[in-house]
Peer 1: 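I have a structure I would like to understand better, so I am pasting it below and will then ask my questions one at a time.
All values derive from a computational prediction rather than experimental measurement.
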Amino acid sequence: MASHIVGYPRMGPKRELKFALESFWDGKSSAGDLQKVAADLRESIWKQMADTGIKYIPSNTFSCYDQVLDTTAMLGAVPPRYGWNGGEIGLDVYFSMARGNASVPAMEMTKWFDTNYHFIVPELGPDVKFSYASHKAVTEYKEAKALGVDTVPVLVGPVSYLLLSKPAKGVEKSFSLLSLLGKILPIYKEVITELKEAGASWIQFDEPTLVMDLESHKLHAFTEAYAALESTLSGLNVLIETYFADIPAEQYKTLTSLKGVTAFGFDLVRGTKTLDLIKGDFPEGKYLFAGVVDGRNIWANDLAASLSTLETLEGIVGKDKLVVSTSCSLLHTAVDLVNETKLDKEIKSWLAFAAQKVVEVNALAKALAGQKDEEIFSANAAALASRKSSPRVTNEAVQKAAAALKGSDHRRATNVSARLDAQQKKLNLPVLPTTTIGSFPQTMELRKVRREYKAKKVSEDDYVKAIKEEIRKVVKLQEEFDIDVLVHGEPERNDMVEYFGEQLSGFAFSANGWVQSYGSRCVKPPIIYGDVSRPKSMTVFWSTLAQSMTARPMKGMLTGPVTILNWSFVRNDQPRFETCYQIALAIKDEVEDLEKNGITVIQIDEAALREGLPLRKSEQAFYLDWAVHSFRITNCGVLDTTQIHTHMCYSNFNDIIHSIIDMDADVITIENSQLRRKASLGVP
């Protein structure tokens with residue numbers, strides 16, 4: 001029985017790639033040094049999978065920045081502003097596209113579907129001269145082969161590549177990106193031909209846009225593309241991989257009818273309805289790559305339940321045609337639990353990072369082949385039972401409070417215009433008041449003080465003194481600039497989610513659970529393992545201290561429940577909205593404590609509201625309903641004179657503007673500085 005991994009984290013177990021990249025960008029190391037770190041990481045990943053027993057090991061999923069940018073380089077689709085004159089694309093041009101340089105800006109960056117990973121958006125138009133300009137896919141296949149590992153080269157599929165692109169500057173917005181299909185397919189043919197010559201027997205095309213709502217002409221592009229590639233692909237086993245959601249029936253029909261395709265990969269964690277399509281009609285003689293191990297979370301798989309699903313599928317597609325796989329690339333999860341030496345032992349037993357998920361995939365494949373490892377399965381069952389019955393997971397008071405929320409929409413008693421009048425009387429602000437978003441830059445000294453306080457190397461008094469001094473500087477600076485509503489600068493905070501998670505019950509934290517967000521930037525999401533509550537106030541001390549330093553209003557600064565949820569690894573034993581409501585109640589307690597202590601302007605950031613939006617339109621209204629409701633819960637109990645702000649960034653908000661208005665905040669700030677498509681707010 002075969003096993004497969006869709007993709008694997010690139011940063012390394014201790015963020016080795018991050019540090020190598022930043023050293024290279026700072027001019028402290030050479031391109032050779034960077035390439036050596038990258039090659040060592042690739043080797044360790046391939047060997048780890050081979051040693052575990054994985055049959056279909058991916059190559060070309062490693063990247064020094066982003067896999068879509070790698071595809072742009074492969075196709076030679078370099079925007080003219082980077083001054084590329086042809087030939088193999090080097091690191092200078094590659095990183096200029098990703099990060100910009102002294103004279104030209106970077107290409108646009110946006111969210112990869114509904115994950116916290118960002119990709120570099122290709123800029124295309126009718127005049128782009130495509131050429132085979134990066135041989136990375138072939139080079140890495142050969143590199144693995146030289147190490148004794150035969151891999152499955154992975155390419156971003158041609159149709160998804162075009163659908164994820166945007167018209168370049170100066171190109172009509174109505175330009176059909178799919179009209180370029182005929183121009184990029186010859187490059188794909190060259191790559192495929194070279195891979196075949198190098199000895200590849202399988203090839204994987206990632207076509208995740210197949211799970212989206214697609215108009216018929218977009219769907220037809222898949223049929224057209226793979227028909228055109230059919231003769232070049234002859235002699236290869238071809239896997240089309242989809243992930244992140246259920247595949248709609250029409251897309252399933254198109255996908256399973258594609259010419260020259262041998263195998264289909266589905267996300268069966270987020271795409272449970274896809275199982276019904278497979279049961280209803282799966283093409284005879286084709287391979288099914290069943291994504292039963294979650295690539296987007298850190299919970300141990302329920303091996304018994306997955307095995308049961310796989311046994312059902314085996315009856316449909318046949319023993320020799322079923323491959324056990326991950327639901328998507330493991331890029332979206334942490335790297336290796338082995339490095340978590342300080343994590344609570346019981347909680348650790350409930351988890352599986354990327355390295356452990358590779359073992360889970362292999363254990364399921366062996367069990368299907370009649371070689372079940374009873375030790376692995378019984379340890380897994382014990383961990384699941386412990387999680388289910390653990391008293392630290394369930395808090396009855398929290399469950400009761402969250403259940404009591406049903407039946408009210410938690411709106412403030414007065415409408416926004418009446419509230420703004422009451423607030424103006426109290427705050428006496430100018431017609432166009434000024435404020436800043438909240439956090440000020442953190443110096444090395446500041447980070448050092450926080451680190452030393454955490455390690456108990458400095459006393460609490462010395463720590464408070466240092467933070468107080470920083471707040472004083474920030475307040476003085478804002479007063480000098482005549483800012484109307486001040487912030488304290490958040491010098492005491494490490495991260496806008498982690499800071500709150502550390503003070504809420506139901507959260508755990510890893511030491512090395514880093515996940516790539518973009519380029520070298522990594523985030524370390526908190527782990528929500530149980531019911532969430534607030535044992536004591538979290539920000540009141542610092543906010544009131546800051547307010548005592550000025551006569552101007554001082555904003556209380558909080559992260560909203562939806563952002564805390566979307567930027568965490570969330571428990572998978574109850575619906576996400578239930579966890580969100582619990583966080584909302586904890587933030588509500590904090591909002592009301594701030595108000596009681598004289599803070600009359602409170603900002604509740606919802607930077608990640610858009611991020612959690614389901615990919616399919618039919619599921620979006622339900623999400624927006626509970627997400628917006630969660631925000632309203634946080635501030636429904638405050639006085640009319642208390643001004644509630646929210647702040648949003650990193651996304652395109654056009655399609656959810658009505659929901660943003662429905663949040664009923666008094667003041668909405670939307671970030672408009674990044675090179676991204678932004679909303680214009682149609683509100684006064």
Peer 1: Classify the side-chain pair R521/Q516 by whether it contains a donor and acceptor separated by less than 3.5 Å.
Peer 2: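 The criterion, which ignores hydrogens and geometry beyond distance, is not satisfied for Q516 and R521.
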Peer 1: Is it the case that N512 and K14 place a side-chain donor and acceptor less than 3.5 Å from each other?
Peer 2: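 No, K14 and N512 have no side-chain donor paired with an acceptor closer than 3.5 Å.
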Peer 1: Is there a salt bridge (Lys or Arg N to Asp or Glu O under 4.0 Å) between E340 and K348? Walk through the geometry before answering.
Peer 2: CA-CA 8 Å; E340 299 305 324; K348 191 174 175 178; over 6 Å; no
Peer 1: With sequence neighbours excluded, what pairs up with Y56 under the side chain to side chain donor-acceptor pair (under 3.5 Å) test?
Peer 2: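 Checked Y56 against side chain to side chain donor-acceptor pair (under 3.5 Å); zero matches.
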Peer 1: Ignoring hydrogens and geometry beyond distance, is a side-chain donor-acceptor pair present between D336 and Q356 at under 3.5 Å?
Peer 2: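 Indeed, the side chains of D336 and Q356 share at least one donor-acceptor pair under 3.5 Å.
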Peer 1: Considering residues at least two apart in sequence or located in another chain, which fulfil the side chain to side chain donor-acceptor pair (under 3.5 Å) criterion with D531?
Peer 2: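 Side chain to side chain donor-acceptor pair (under 3.5 Å) check on D531 returns Q399, R571, Q582.
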Peer 1: Who are the ring-ring contact (aromatic ring centres under 6.0 Å, His included) partners of F62, not counting sequence neighbours?
Peer 2: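 Partners of F62 by the ring-ring contact (aromatic ring centres under 6.0 Å, His included) criterion come out as none, since no residue qualifies.
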Peer 1: Is it the case that Q67 and T61 place a side-chain donor and acceptor less than 3.5 Å from each other?
Peer 2: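 No.
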Peer 1: Under 3.5 Å, is there a donor on one side chain and an acceptor on the other for Q204 and H4?
Peer 2: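 Judged by distance alone, the side chains do pair up.
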Peer 1: Mind checking salt bridge (charged side-chain N to carboxylate O under 4.0 Å, His left out) for R392 and listing every partner two or more places apart, or none if nothing turns up?
Peer 2: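 Salt bridge (charged side-chain N to carboxylate O under 4.0 Å, His left out) list for R392, sorted by chain: D344, E346.
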Peer 1: Does anything in residues 291-313 pair up under salt bridge (Lys or Arg N to Asp or Glu O under 4.0 Å), and if so which pairs, sequence neighbours excluded?
Peer 2: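 Pairs touching residues 291-313 that pass the test: D114-R296.
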Peer 1: Relative to the ring of F622, is the ring of F577 parallel (under 30°), tilted (30 to 60°) or perpendicular (over 60°)?
Peer 2: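 The arrangement is perpendicular - the two ring planes meet at more than 60°.
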Peer 1: In chain order, what residues pass the ring-ring contact (aromatic ring centres under 6.0 Å, His included) check against F507, with sequence neighbours excluded?
Peer 2: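 None.
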Peer 1: Has S349 got a side-chain atom pairing as donor or acceptor with A383's backbone, closer than 3.5 angstrom?
Peer 2: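 Answer holds: no.
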Peer 1: Does the cation-pi check pass for R387 over W299, that is, NZ or CZ under 6.0 Å from the six-membered ring centre and within 45° of its axis?
Peer 2: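 Positive - R387 is close enough to the ring of W299 and near enough to its axis.
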Peer 1: Kindly write out the residues that satisfy side chain to side chain donor-acceptor pair (under 3.5 Å) with R576, not counting sequence neighbours, or none if the list is empty.
Peer 2: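 Checked R576 against side chain to side chain donor-acceptor pair (under 3.5 Å); matches are N566.
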Peer 1: Only pairs at least two apart or in different chains count here, so list each salt bridge (Lys or Arg N to Asp or Glu O under 4.0 Å) that has a residue in residues 353-375.
Peer 2: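 Non-adjacent pairs meeting salt bridge (Lys or Arg N to Asp or Glu O under 4.0 Å): zero.
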Peer 1: Looking only at the side chains, is there a donor atom on one of N116 and K111 sitting less than 3.5 Å from an acceptor on the other?
Peer 2: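 Result is yes, a qualifying pair exists.
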Peer 1: Hey, what's the ring geometry for W112 with F119, parallel, tilted or perpendicular (30° and 60° as the breaks)?
Peer 2: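 Geometry flag for F119 against W112: perpendicular rings.
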Peer 1: Got a sec, which pairs hit salt bridge (Lys or Arg N to Asp or Glu O under 4.0 Å) with one end in residues 44-62, sequence neighbours left out?
Peer 2: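 Every salt bridge (Lys or Arg N to Asp or Glu O under 4.0 Å) pair that includes a residue of residues 44-62, provided the two are not neighbours, is E43-K47.
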Peer 1: List in chain and number order the residues that pass ring-ring contact (aromatic ring centres under 6.0 Å, His included) with Y141, two or more places apart in sequence or in another chain; answer none if no residue qualifies.
Peer 2: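 Y141 satisfies ring-ring contact (aromatic ring centres under 6.0 Å, His included) with no other residue.
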Peer 1: I'd like to check the side chain to side chain donor-acceptor pair (under 3.5 Å) partners of S517; sequence neighbours left out, ordered by chain and number.
Peer 2: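 So S517 forms a side chain to side chain donor-acceptor pair (under 3.5 Å) with H118.
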Peer 1: Assess the side chains of E611 and W567: does a donor N or O sit below 3.5 Å from an acceptor N or O?
Peer 2: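 Checked: E611/W567 side chains pair up, N/O donor to acceptor below 3.5 Å.
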Peer 1: Could you tell me if S59 and E140 have a donor-acceptor pair between their side chains, going purely by distance under 3.5 Å?
Peer 2: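 There is no such pair between these side chains.
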Peer 1: Are W350 and S386 close enough that a side-chain donor and a side-chain acceptor fall under 3.5 Å?
Peer 2: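 A pair is found: one side chain offers a donor N or O, the other an acceptor, under 3.5 Å apart.
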Peer 1: Check the orientation of Y287 and W202. Use parallel for under 30°, tilted for 30 to 60°, and perpendicular for over 60°.
Peer 2: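 The rings of Y287 and W202 stand perpendicular, inter-plane angle above 60°.
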Peer 1: Does a donor on one side chain and an acceptor on the other come within less than 3.5 Å for Y226 and E207?
Peer 2: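 Distance-only check passes for Y226 and E207.
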Peer 1: Taking the side chain from D246 and the backbone from T274, do they hold a donor-acceptor pair closer than 3.5 Å?
Peer 2: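 At least one qualifying donor-acceptor pair exists.
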Peer 1: Measure the acute angle between the ring planes of Y252 and F266, then classify it against the limits of 30° and 60° as parallel, tilted or perpendicular.
Peer 2: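 Taking F266 first and then Y252, their aromatic rings sit tilted (interplane angle of 30° to 60°).
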Peer 1: Could you pull out all residues at least two apart from Y65 that satisfy ring-ring contact (aromatic ring centres under 6.0 Å, His included)?
Peer 2: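 ring-ring contact (aromatic ring centres under 6.0 Å, His included) list for Y65, sorted by chain: empty.
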